[in-house]
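Structure record follows, encoded as structure tokens.
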Amino acid sequence: MDLKGMIREIQDFPKEGINFKDITTILKDGAAFTYVIDKLAAQLEDLEVDVIVGPEARGFIVGTPVAYKLGKAFVPIRKPGKLPAETVKYEYELEYGTDALEVHKDAIKPGQRVAILDDLLATGGTVLATAKLIEELGGTVVSLNFLIELTFLRGRETLKDYQVKTLVSYNEE
Ligand SMILES: O=P(O)(O)OC[C@H]1O[C@H](OP(=O)(O)OP(=O)(O)O)[C@H](O)[C@@H]1O
Ligand SMILES: Nc1ncnc2[nH]cnc12
């Protein structure tokens, strides 16, 4: 499956200088979407994962079907003010700005084994923040899995303490 050929690239979105990788062109193709979810799920088969965690919003798109396929729990990580119960918060930087993420305090039981899923690894800030939130709750992050990696942004260096797996990589903007 030529995933790279199916990912649409939009220059200067959401601001000048960013070459946006648009996965909606994969999502709207049932066979391609199924292929991606099956591949991401297969990477987790031997890791005895208890919980799949995904950051808003595109982490939900890849995380929830993988959790369903593996028969595992899903925990959403959300932008501030969206989760209704008591939360913990972590602030982080993105390729284009800064943001913060939250998780419910009771979302993870201490000792649970967690895989974090997202569509794209850029600087690694989003998923590092997600991993820190999980660890603050006592979870163990056993894998970070992405559809796309922008290698030139060196996210793997930010995430050097973790196992990182990706399906498609871009070596230059
Ligand atoms: O590795 P990083 O530099 O952190 O960048 C990657 C993150 O950026 C995008 O999300 P975005 O914050 O644009 O939010 P969205 O999923 O709601 O579109 C993407 O879905 C990743 O979560
Ligand atoms: N270049 C990019 N394309 C799509 N999503 C992103 N998130 C951060 N950088 C991105």
Side-chain angles (χ1 to χ4, degrees), residues 2-29 32-33 36-37 39-41 43-44 51-67 74-84 87-104 107 114-136 139 141 143-173:
D2 176 21
L3 293 180
K4 215 172 196 175
M6 298 184 72
I7 295 165
R8 176 162 55 192
E9 297 186 46
I10 311 279
Q11 276 299 340
D12 300 323
F13 181 88
K15 63 185 199 188
E16 215 176 312
I18 302 294
N19 180 7
F20 193 88
K21 306 295 186 286
D22 177 19
I23 63 160
T24 65
T25 42
I26 287 184
L27 303 176
K28 71 176 183 175
D29 180 317
F33 186 29
V36 164
I37 297 307
K39 281 273 183 194
L40 290 170
Q43 291 178 338
L44 298 175
V51 183
I52 305 295
V53 166
E56 181 178 352
R58 286 175 265 154
F60 298 175
I61 295 172
V62 293
T64 51
V66 168
F74 180 79
V75 167
I77 302 293
R78 298 217 60 183
K79 292 175 182 173
K82 296 286 188 183
L83 289 169
T87 58
V88 288
K89 180 192 264 196
Y90 191 94
E91 297 200 350
Y92 68 103
E93 290 185 16
L94 322 152
E95 188 188 5
Y96 42 80
T98 63
D99 215 335
L101 289 175
E102 294 182 341
V103 65
H104 274 146
V114 171
I116 300 172
L117 277 277
D118 204 353
D119 70 321
L120 182 142
L121 170 59
T123 65
T126 303
V127 161
L128 182 66
T130 301
K132 296 291 181 196
L133 285 171
I134 297 312
E135 289 165 356
E136 193 171 336
V141 177
S143 189
L144 311 176
N145 299 69
F146 304 84
L147 165 52
I148 300 169
E149 175 177 9
L150 307 183
T151 52
F152 54 93
L153 293 174
R154 303 184 187 285
R156 276 182 198 254
E157 288 175 22
T158 300
L159 302 174
K160 62 183 181 317
D161 296 335
Y162 303 94
Q163 171 182 289
V164 174
K165 289 192 177 171
T166 62
L167 300 183
V168 176
S169 59
Y170 293 83
N171 301 320
E172 55 190 31
E173 202 116 14

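We number each residue from 1, following the sequence as shown. Note that the coordinates shown come from a computational prediction; the quantities given were computed from them, not determined experimentally. Ligands are counted one by one from 1 in listed order, and the atoms in each one are counted from 1 as well.
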Original post:
Under a heavy-atom criterion of less than 4.0 Å, does Thr123 contact ligand 2?
Top reply: no

**OP:** Would you mind running through ligand 1 and noting each atom that sits below 4.0 Å from a heavy atom of Thr123?
**Re:** 1 (O), 2 (P), 3 (O), 4 (O)

Original post:
For ligand 2, which atoms sit closer than 4.0 Å to a heavy atom of Leu150?
Top reply: 1 (N)

Original post:
If you look only at pairs with a residue in residues 156-168, which of them pass as a salt bridge (Lys or Arg N to Asp or Glu O under 4.0 Å), with sequence neighbours excluded?
Top reply: Glu149-Arg156, Arg154-Glu157

Original post:
Is the side chain of Thr151 donor-acceptor paired with the backbone N or O of Tyr170 at a distance under 3.5 Å, no angle test?
Top reply: yes

Subject >> Atoms of ligand 1, numbered as shown, that sit under 4.0 Å from any heavy atom of Asp118 >> reply: 20 (O), 21 (C), 22 (O)

Subject >> Ligand-side contact atoms (ligand 2) for residue partner Arg58, heavy atom cut-off under 4.0 Å >> reply: 4 (C), 5 (N)

Original post:
What closest approach, in Å, do Lys89 and Leu133 show between heavy atoms, and which atom pair accounts for it?
Top reply: C-CD2, 3.8 Å

Original post:
Would Gly59 count as a contact of ligand 1 if the rule is a heavy atom under 4.0 Å away?
Top reply: no

Subject >> Numbering as shown, the atoms of ligand 2 that approach Ala122 to under 4.0 Å (heavy-atom distance) >> reply: 8 (C), 9 (N)

Original post:
Does the pair Lys79/Glu56 count as a salt bridge with the N-to-O cut at 4.0 Å?
Top reply: no

**OP:** Only one of Val127, Leu40, Ile37 passes side-chain contact (heavy atoms from CB on, under 4.5 Å) with Leu117; say which it is.
**Re:** Leu40

**OP:** Could you pull out, from Lys21, Arg58, Lys79, the option with a heavy atom nearest to atom 17 (O) of ligand 1?
**Re:** Lys79

Original post:
Just heavy atoms, cut-off under 4.0 Å: does Glu9 contact ligand 2 by side chain, backbone, both, or neither?
Top reply: neither

Original post:
What atoms in ligand 1 come closer than 4.0 Å to a heavy atom of Glu56?
Top reply: 16 (O), 17 (O)

Original post:
Against heavy atoms of Asn19, which atoms of ligand 2 measure under 4.0 Å?
Top reply: 1 (N)

